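This report concerns only the one structure given below.
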Amino acid sequence: MLRYALRRLGGLIPTLLVIVTVSFCIVRLAPGGPFDQEQTLTPAVRANLDHLYGLDQPLAAQYLHYLGGLLHGDFGPSLSQRDFTVTELIGQGLPVSITVGLLAILLALVIGIPAGIAAATWRNQGADHGLTLFAALAVALPSFVTGPLFALVFGLALHWLPVAGWERGAPRYLVLPVLTLALPVAAYLARLTRASLLEVLRSPWIRSARARGLGGTRVLWRHALRPALLPAVSYLGPALAYVVTGSLVVETVFGLPGTGRYLVQGAIDRDYPLVMGMIVVYGALLLLFNLIADLLYGWLDPRVRHE
Amino acid sequence: MRSIPVNAEVTPQGPAQVLRLCGLAVSFTTPAGVVCAASDVSLQVARGECLGVVGESGAGKSVSFLALLGLLPPNARVQGAAQFCGTELLRAGPRALERLRGAAIGMVFQDPMTSLTPHLRIGEQIAEVLVHHRKLSWAAARARAQQLLTRVHVTDPAHRMAQYPHELSGGMRQRVMIAIALACEPQLLIADEPTTSLDVTIQAQILALLAELKREQGMAMVLITHDLGAVAGVADRVAVMRGGRVIETGAVAAILNAPHDPYTQALVRNAPRLTASAGVTQAARGQEAVALTLTDVSVEFSVGARWFGRAAALSAVNAVSFELRAGESLGVVGESGAGKSTLARAVLQLLKPSSGRVVWMGAALGELPAGELRALRRDLQIIFQDPLASLDPRRTVGEIVAEPLRVHAPELDAPARGLEVDAALRRVGLPATLAGRYPHELSGGECQRVGIARAMIVKPRLLVCDEPVSALDTPTQQQIVTLLAQLQCESGLSLVFVSHNLALVQRLCERVLVLYLGRMMELAPAQSLYARPLHPYTRELLSAVPLPDPQLQPARLARALPGEPPSPLNPPSGCVYRTRCPHAVAVCQQRVPAWELAGGDRQVACHRWREL
Ligand code: SF4
């Protein structure tokens, strides 16, 4: 298993290279350039700037240069926030975003999966109906609605929690953003788990386990649960992607110094290194998550285990 | 219901009766109303006795027994009485039933592929029952589990304990299921179609195991099956069910030799047998042109190929050659893994052979340009094993059957196509009104007829049937085979019929090719092959066919060939069959037997065919 994991980890590098290459091309294909909006620039200054950042070189050379930098963990200078390198920007923001994002996914797992199991166990009873309704709402409401709503209720009305801010990750400041991000993911996980557990409970091997006289609890925990978790595990990758995109809204609503805004702002400013840096970091994170999901999958279902 | 009471045979009301069903009735409440699945089922089983319960699918066999174990979904309503060793099962609470299930009553299900929990090791699943019911420690339970595996003749039990269900063959999995059912030494074993999804040879092994267990453990046994041959070898008494009712019960010999009820009579009459008269005689076709020629066709797959690591070559079909004349029917038989289906697909170029030539009417199919091959496909049609899976669930029967016309006869307009579809459906014995229905609304037999109609609508000249009936119950199998024979006779097409069931092949085919691990073992006219098989493997296949004959069948079961085919990844040297051949000698290991002419249009690959 460990050898397999390490080998898969090695296999991520070519994939990451593909991501870098493709996104490099796409980013550069977008019309416009980083200094277009600064109308006051004279052609000479502009040429100087282009030269400074290597933008006057052929694209292939720029690409190789960028790859070379990546090898040293150097994402290049930011073109829009000219006092910072991209590495510095991401280095400051990423811990915030990652803390909020991972906590949100963790919370979603902790709430969503047990809720799904409970709903399936008491299917078509009050608790199940309530949960299903709640989950439908939570999936449907966008975070720019729930975020301010939470801030309003728990912050301004009840004064339980601060409305915004980071304060070096003090738990009180984390609760609302994490909750806002986690809610739809948890709801979705609950629905997935409920549906797949019901499906598994109808399978022949469950009937066969019951024919062996095994009690309901044992059948549920030992025979049904692991295969029923497979869809939830497959959803881990997409969940991360959701959290990444959701972080833009949540970080804006709750005033968090994360990286969410860099992706959009960087794209608008044609800040090539910043956009690329974000893509590379989140691409790597996504690949890592998918790998974890795969390994979990192998643990849950021996049929997909290799060698 | 017959006027004679079902329990007319006098059985003493002693402690010997393990299970007594009295007027059991099962109904389901569905949105469409109440559906009655079984009514007035009265049966009994004594210690040391095996009751065979026979009938088509939907006859209420399984439902009745699942009902008394409390294993039906909540919308089921069960009435009547079911006494098990003094306990009234239908009035026992769920807890009490749980204590009985798996302990006093063991159950074996039809599909060993899906009836074991996929993510738990074999050993854990057997031991679990002992821990749960017998309160053994896990260590003691595991030790006992390994003994049980030995008891059901699982090879290499210590190794199997740590394996997962998907790593075992179907036969091994069914043995594991039986081991689980036996773990707590039940007084009653209920086997629900235990051999239906298995190869003939493995069926014989499992039935032989059940017969042995009944003899040695002295428990009561219920064998639910649609196959009279299975009943003949194991059961002492037989109950025939139809439409949810028991229509006849009696001793196995009485039911099979002198059935009373007309339905039973038809069942017995149509049961597959290997009789000299059943076979198709080879028509005189000396003058008919050779339609299909295979020359040294091999198909290899590479398995285990990944980015890193070496691929192993799996030879699925190895140097197969035969000729098929126009209008002739050839049966291809062998166990699973014999390469039958691969060969069928290679004939139609659905899989590219890695070497060898397939020539159809003078054209080498492998060398044709794609366009010409596509045009030729109109002549070459195939029907598949799983009738439901091979039909698009989102299309109506009419659309499915019309599909080949859209490709091969685009000149037809919609009304003309409709007429053709009606005609095609009628030809396969389906009402034209079925055209508007969807596949999932049809029975398995109807689905397969739709598949045949789809293939026949373009009037092909070669029809390849890949295990077309193995997913169906015996009476339906018979009907489909009869239909195929009739279609072949009417339209003069050539037929390649792939099956593991030799009794069915005999009804349909003039010549038979026996494959083992992708190699040809014997090729002969059906009549001489069934009358005097030359190859030891052919003999084995023949003796594994379950015959509905209570005098012969128990002894035939007792001789069932042990073992399973070796992995095609690592075939034995010399004669590939030597690891299971009872006649193997030293030379069999050293040299591959030649493909020899054995007179009378027969060919065989065995070093010893002359002496045996
Ligand atoms: S060649 Fe030998 S091993 Fe093979 S079938 Fe003949 S006797 Fe058996």
Side-chain angles (χ1 to χ4, degrees), chain A residues 1 3-15 17-18 121-125 196-230 233 294 296-307, chain B residues 62 65-66 69-74 94-122 124-126 128-134 162-167 173 176-177 180-184 186 190 192 304 306-309:
Chain A
M1 198 68 179
R3 280 238 314 276
Y4 171 69
L6 285 177
R7 226 182 52 202
R8 285 287 314 267
L9 207 59
L12 293 187
I13 292 169
T15 322
L17 193 69
V18 172
T121 317
W122 292 292
R123 65 183 159 282
N124 294 332
Q125 296 172 24
S196 89
L197 185 55
L198 285 179
E199 166 106 32
V200 169
L201 285 175
R202 276 194 296 270
S203 68
W205 76 80
I206 294 300
R207 183 181 67 171
S208 151
R210 291 189 50 224
R212 290 171 217 160
L214 305 180
T217 340
R218 191 173 203 121
V219 169
L220 178 68
W221 292 102
R222 221 171 120 78
H223 293 262
L225 194 58
R226 260 165 71 178
L229 289 180
L230 292 176
V233 167
D294 267 13
L296 270 176
Y297 218 96
W299 175 70
L300 290 171
D301 186 351
R303 282 169 295 187
V304 301
R305 238 171 261 173
H306 305 266
E307 280 106 45
Chain B
S62 304
F65 288 91
L66 290 176
L69 292 180
L71 287 176
L72 289 179
R95 294 264 157 231
L97 277 182
E98 256 167 34
R99 274 196 298 278
L100 286 177
R101 288 200 301 254
I105 306 178
M107 179 121 195
V108 178
F109 287 100
Q110 166 174 4
D111 198 350
M113 305 293 174
T114 52
S115 291
L116 289 166
T117 304
H119 63 268
L120 295 178
R121 294 173 197 275
I122 298 301
E124 303 297 302
Q125 299 198 42
I126 307 176
E128 182 181 27
V129 190
L130 290 160
V131 172
H132 183 72
H133 287 294
R134 287 285 164 93
Q163 283 186 310
Y164 291 97
H166 71 278
E167 297 174 89
R173 274 184 266 198
V176 170
M177 289 287 292
I180 294 175
L182 288 182
C184 298
I190 300 174
D192 185 1
R306 310 213 133 255
W307 279 16
F308 315 96

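Quick note: numbers below take in every heavy atom, side chains included, and nothing from hydrogens, waters or symmetry partners. In this text, all values refer to a predicted model and were calculated from it rather than measured experimentally.
Only the side chain of A/R218 comes within contact range of chain B, with at least one heavy atom under 4.5 Å from a heavy atom of that chain. With a threshold of 4.5 angstrom between heavy atoms, B/I180 approaches chain A through side-chain atoms but not through N, CA, C or O. Neither the backbone nor the side chain of B/I190 comes within less than 4.5 Å of any heavy atom of chain A. With a 4.5 angstrom heavy-atom cutoff, B/Q110 does not touch chain A via any of its atoms.
A distance of 9.0 Å separates CZ of A/R212 from CD1 of B/I126, quoted to the nearest 0.5 Å. Between the CD1 atom of A/I206 and the CG atom of B/L71 there is a distance of 12.5 Å, given to the nearest 0.5 Å.
Within a 6.0 Å sphere centred on CZ of A/R123, heavy atoms belonging to other residues, nucleotides or ligands number 12 at most.
Counting all heavy atoms, side chain and backbone alike, B/M177 lies closest to A/S208 at CE-OG, 4.0 Å.
Heavy-atom pairs under 4.5 Å with chain A were tallied for B/M107, B/R99, B/H132; the largest tally goes to B/H132. Taking B/E167, B/R95, B/E98 one by one and counting their heavy-atom pairs under 4.5 Å with chain A, the maximum is reached by B/E98.
Contacts of A/R210 classified as side chain to side chain donor-acceptor pair (under 3.5 Å), with partners at least two apart in sequence or in another chain: none.
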Could you go step by step and tell me if B/L116 and A/W205 meet the side chain to side chain contact (heavy atoms under 4.5 Å, CB included) rule? CA-CA 5 Å; B/L116 289 166; A/W205 76 80; 5.7 Å; no

Please lay out, stage by stage, how A/R207 and B/L66 fare under the test side chain to side chain contact (heavy atoms under 4.5 Å, CB included). CA-CA 10 Å; A/R207 183 181 67 171; B/L66 290 176; 3.5 Å; yes

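The side chain to side chain donor-acceptor pair (under 3.5 Å) test with A/H223 is passed by exactly one of B/E128, B/H119, B/Q125: B/E128.
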